[in-house]
Chemist: 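Following this message is one structure expressed as structure tokens.
Remember, it's 1-based here, ligands and their atoms both numbered in the order they're listed. Keep in mind it's a predicted model, so treat the numbers as computed, not measured.
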Amino acid sequence: MVRTRIAPSPTGEDIHIGNLYTALINWAWAKKHKGKFIIRIEDTDQERLVKGSEEKILQTIKEYGLNYDESTDIGGQYGSYRQSERLSVYKKYADELIKKKAAYYCTCTKERLAELRAAQQKQKQIPKYDKHCLTKQKEVKEEIKKGKSYVVRLNVPNNREIKFNDLIRGEIKIMSDNLDDQVLMKSDGFPTYHLAVVVDDYLMKISHIIRAEEWLSSTPKHILLFEAFGWDLPIFAHVPILRNPDRSKLSKRKNPVWASWYLKQGYLPEAVLNYLALMGWSHPEQKEIFSLDEFVKVFDLKDIKSSGPAFDIVKLEWMNGQYIRKLPISNFQLLINNFYGNKLDRDLIAKTSSLVQERMKKLSDYMFLCEFFFNKPEGYEIDLSGKKDLLKKMHESLSKVVDWKADEIGKTMQDLTKKEEVKAGEFFMILRVAMAGKKISPPLNDSMEILGKEECLTRLKKLL
Ligand code: GLU
């Protein structure tokens with residue numbers, strides 16, 4: 001049974017777009033194997049908790065359509081899925097590690113640890129705990145009985161090669177001497193990430209740990225823990241971290257990082273996921289646009305490349321435009337209605353949608369292009385004060401149009417350009433700005449048909 005998970009920490013205002021990528025891969029892998037996709041909330045770092053973060057993360061994942069099978073809000077067989085509600089579980093397993101001598105108590109003070117670190121740095125050594133307390137566990141236990149604050153540390157064995165196979169990166173080897181005796185239980189009774197992640201991945205029967213590359217260096221510590229408990233290793237796959245187009249780590253400065261930002265701008269969830277699927281992976285037929293179902297079918301973890309793919313919002317915008325274009329018109333209208341909170345005039349959306357569907361890259365472009373249908377222009381992008389004569393003639397000819405249809409409007413205006421010997425480009429720019437306030441609008445004649453004769457004449461009159 002394939003069981004995958006993501007384990008977000010509720011320490012930000014939403015799920016990071018990079019974590020949404022990891023979620024997509026986990027979701028797709030579970031789907032592909034008719035397995036389960038789990039969300040576990042890793043809130044062991046109580047100082048960094050952000051209120052509302054957990055709810056927002058789950059909501060955003062749902063809005064993207066990555067349905068999950070077990071989590072804090074829907075429960076499941078292996079709950080609780082919130083680590084802060086599992087403290088007694090971690091305590092039990094920490095005790096087991098101590099019994100097995102795979103972990104030990106440490107009562108070193110902050111000051112001692114700081115001195116140790118400073119001394120090691122001075123000698124250009126990698127800062128590492130020196131196992132000071134390991135050599136005097138009896139004394140340490142006495143101190144703890146008397147109330148001294150303590151942590152539990154991993155007892156990293158000396159001089160051992162730790163080996164594991166990563167589905168994306170192949171065999172990875174590291175010498176244990178490079179590892180620190182990591183704290184597993186903190187003095188506040190909370191586990192650290194390292195203990196909690198291993199215990200939970202085991203208890204929740206996670207078969208594949210698919211997570212970002214930044215956790216790769218933690219994996220050897222986790223392997224020591226799995227071994228100490230006598231548990232079989234899950235399969236590991238570390239997916240690449242998304243980068244800005246200039247290769248720097250995806251950061252707020254260059255790209256919006258919260259996944260819900262893209263939805264708020266009117267990116268379609270399927271387009272964003274399609275784009276994310278292409279991070280570090282390509283379709284066997286080099287297709288750029290494919291459905292999620294197709295992705296699930298053809299993708300394989302081992303085909304993901306490990307080098308950091310560039311997340312390019314310009315490319316994403318292009319792709320989103322392709323998705324918008326392909327929508328059946330009624331779906332497109334529905335999306336526009338929903339996007340604007342069902343507050344806009346539905347008829348007007350229905351009338352205008354076919355004029356703009358091909359021109360839009362995201363749903364928010366709709367108002368940019370169509371605002372003038374809903375509201376009279378408040379300002380004009382070019383100064384029309386010197387054009388009154390021409391505007392007056394436009395008004396005169398248009399008021400004579402009986403059959404108010406785009407063709408008829410167009411013909412009437414063409415005739416007028418010729419009669420007045422004004423260049424068509426200039427003429428229609430003036431008319432466009434008079435109607436829409438802007439130099440860019442959907443096709444003008446069609447727009448004027450939708451606005452209606454009376455409204456068009458009123459808009460011209462206002463300028464006279
Ligand atoms: N809590 C970690 C995070 O925020 C989870 C890492 C993992 O998947 O093991 O990404």
Chemist: Are Ser9 and Glu42 linked by a side-chain donor-acceptor pair shorter than 3.5 Å?
Modeler: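 The criterion, which ignores hydrogens and geometry beyond distance, is not satisfied for Glu42 and Ser9.
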Chemist: Do any pairs count as a salt bridge (Lys or Arg N to Asp or Glu O under 4.0 Å) and have a residue in residues 176-190, sequence neighbours left out, and if so which ones?
Modeler: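 As it turns out, the salt bridge (Lys or Arg N to Asp or Glu O under 4.0 Å) pairs with a partner in residues 176-190, which skip direct neighbours, are Lys131-Asp181.
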Chemist: Quick one: is the NZ or CZ of Lys287 closer than 6.0 Å to the six-membered ring centre of Phe290, and within 45° of its axis?
Modeler: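 Relative to the ring axis of Phe290, which defines the angle, Lys287 lies outside at least one limit.
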Chemist: Kindly tell me which protein residues have any non-hydrogen atom under 4.0 angstrom away from an atom of ligand 1, grouped by chain and ordered by number?
Modeler: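 Within 4.0 Å of ligand 1, protein side: Arg5, Ala7, Ser9, Glu42, Tyr193, Val197, Arg211, Trp215.
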Chemist: Quick one: do the Ser306 and His238 side chains pair a donor with an acceptor below 3.5 Å?
Modeler: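 Result is no, nothing qualifies.
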Chemist: Without swapping roles, check the side chain of Lys32 against the backbone of Lys297 for a donor-acceptor pair under 3.5 Å.
Modeler: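 Looks like yes, one N/O pair under 3.5 Å.
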Chemist: Compute the ring centroids of Phe229 and Tyr202, then answer whether they are less than 6.0 Å apart.
Modeler: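 Ring centroids of Phe229 and Tyr202 are no less than 6.0 Å from each other.
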